[in-house]
Protein chains: 2
Amino acid sequence: MATDPARWTRQRSSIQEALEEARAFLSAQELHALLGRRGVRIGLTTVYRNLQALVERGEVDCVRTADGEIVYRKCRTVQHHHHLVCSNCGLSVELKNEELERWARRIARRHGFSEVSHELELFGLCRACSPRR
Amino acid sequence: MATDPARWTRQRSSIQEALEEARAFLSAQELHALLGRRGVRIGLTTVYRNLQALVERGEVDCVRTADGEIVYRKCRTVQHHHHLVCSNCGLSVELKNEELERWARRIARRHGFSEVSHELELFGLCRACSPRR
DNA sequence: GTTAGTGCAAATGATTTGCAAACAG
DNA sequence: CTGTTTGCAAATCATTTGCACTAAC
């Protein structure tokens, strides 16, 4: 399924590498800044385009935050899952809930909806980002 | 809790009225167009500002669609709930799921996250918007 | 060589803000 | 009257696109 890109570029590798290491959701801008700090010369446009391609290929997950920014993460779990995301640092945990999936299907059927997909993300503060202690 | 606005304007009433009737989620732009069609002269800015105020006051719910647009709806259910939304026409059904709420709290605790909120929306095609039959 | 991939600059599009004029109480 | 609300125009801001240039293969 995962159609590989036609050419292997320096920029492409650094993006993949950074995503591989990241334990958090990152916006395209953050990723671009991160790479810049590491000394990788890469255009913001290229970051956007590659992330988009990775999402389309299903290799990266993306979520839209409350303020409308799109954040990306390379997940270990390939199948459908959800996330518990730290609003402060982006740290995230992958979640599965079969019960929820069944419920969604049941609700959709009951109301005559078809092609129903669902989005569920939990946002909060991780231990490290919690105020006091 | 619901602090009322200081002054009652023609624009304010037409927005409230339109929301009251709507059975669907509408974007600020759509609402503005709808009012225009009805012959209400109102600025787009005013629509944005009023919707925002209504959301802050908790009188209106808003959801961000996949393409980043914010859509608004006056819900019957005052407490926390979720939605099944038609991606085509915006028609929506209010949903409650206590089981899910418990699950979310449990997961948050288990991973040491605090102040966890969650967003869950189901998107699909309602009966009327489904292709064929 | 070809042409996918890059990156700058400019465009987009929803939303927000500055500010002077309009009008509710 | 007095301060709130309005609405235009201009500003934001993340993201996208046009296009000439660079580099993979």
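Numbers restart at 1 for each chain; the letters A, B, ... are given by sequence-line order, proteins then strands.
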Using a cut-off of under 3.5 Å, enumerate the N/O to N/O pairs linking the protein to nucleotides 4-6 of chain D.
{"residue": "D:dT4", "atom": "O4'", "partner": "B:R7", "partner atom": "NE", "Å": "3.3"}
{"residue": "D:dT4", "atom": "O4'", "partner": "B:R7", "partner atom": "NH1", "Å": "3.4"}
{"residue": "D:dT4", "atom": "O4'", "partner": "B:R7", "partner atom": "NH2", "Å": "3.3"}
{"residue": "D:dT4", "atom": "O2", "partner": "B:R7", "partner atom": "NH1", "Å": "3.1"}
{"residue": "D:dT5", "atom": "OP1", "partner": "B:A6", "partner atom": "N", "Å": "3.1"}
{"residue": "D:dT5", "atom": "OP1", "partner": "B:R7", "partner atom": "N", "Å": "3.4"}
{"residue": "D:dT5", "atom": "OP1", "partner": "B:R12", "partner atom": "NH2", "Å": "2.9"}
{"residue": "D:dT6", "atom": "OP1", "partner": "B:T9", "partner atom": "OG1", "Å": "2.8"}
{"residue": "D:dT6", "atom": "O3'", "partner": "B:Q11", "partner atom": "NE2", "Å": "2.9"}

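Linking ILVMFWY residues whenever their side-chain heavy atoms come closer than 4.5 Å, directly or via other members, places A:L91 and A:L84 in the same cluster.
With a 4.5 Å cut-off on side-chain heavy atoms, B:L35 and B:H32 do not count as touching. Side-chain contact check for B:P131 versus B:L125: some heavy-atom pair is nearer than 4.5 Å.
The nearest whole Å value for the distance from the OH atom in B:Y48 to the C1' atom in D:dT12 is 13 Å. Atom CD in A:Q52 sits about 17 Å away from atom P in D:dA14, given to the nearest Å. Atom CG in A:L51 sits roughly 15 Å away from atom P in C:dG5 (whole-Å rounding).
Exactly one of A:H83, A:R73, A:R23 qualifies for a side-chain hydrogen bond (donor to acceptor under 3.5 Å, both in side chains) with A:S92. That residue is A:R73.
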Return all side-chain donor-acceptor pairs below 3.5 angstrom for residues 61-68 of chain A, not counting sequence neighbours, or 'none' if the list is empty.
{"residue": "A:D61", "atom": "OD2", "partner": "A:H81", "partner atom": "NE2", "Å": "3.1"}
{"residue": "A:R64", "atom": "NE", "partner": "B:A66", "partner atom": "O", "Å": "3.3"}
{"residue": "A:R64", "atom": "NH1", "partner": "A:G68", "partner atom": "O", "Å": "3.0"}
{"residue": "A:R64", "atom": "NH2", "partner": "B:A66", "partner atom": "O", "Å": "3.2"}
{"residue": "A:T65", "atom": "OG1", "partner": "A:D67", "partner atom": "OD1", "Å": "2.8"}
{"residue": "A:T65", "atom": "OG1", "partner": "A:E69", "partner atom": "N", "Å": "3.3"}
{"residue": "A:T65", "atom": "OG1", "partner": "A:E69", "partner atom": "O", "Å": "3.3"}

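In terms of heavy atoms, A:L122 sits closest to B:H118 at CD2-CB, 3.4 Å. Residues A:V60 and A:Y72 approach most closely at CG1-CB, 3.8 Å, considering heavy atoms.
Contacts classified as side-chain hydrogen bond (donor to acceptor under 3.5 Å, both in side chains) and involving residues 103-115 of chain A (residues at least two apart or in different chains) are given here: A:S114-B:S130.
The line from CD1 of A:I42 to CD1 of A:I15 is 4.0 Å long, rounded to the nearest 0.5 Å.
Salt bridge absent: B:E59 and B:R12 never bring a charged side-chain N and a carboxylate O closer than 4.0 Å.
Listed by residue number, there are no residues of residues 65-73 of chain A with a heavy-atom contact under 4.0 Å to DNA chain C. Listed by residue number, B:Q29 are the residues of residues 14-41 of chain B with a heavy-atom contact under 4.0 Å to DNA chain C.
Both A:L44 and B:R64 lie near DNA chain C, and the one whose nearest nucleotide falls closer to the 5' end is A:L44.
The local environment of CD in A:Q11 is crowded, with over 12 non-hydrogen atoms from other residues, nucleotides or ligands closer than 6.0 Å.
With hydrogens and angles disregarded, a donor-acceptor distance shorter than 3.5 Å links the side chain of B:S87 to the backbone of B:G124.
Taken together, the paired segments of DNA chain D that extend over three or more consecutive Watson-Crick or G-U pairs, each closer than 3.5 Å at both contacts, are C:1-25 with D:1-25.
Judged by distance alone, the side chains of A:T77 and A:E94 do bring a donor and an acceptor atom under 3.5 Å apart.
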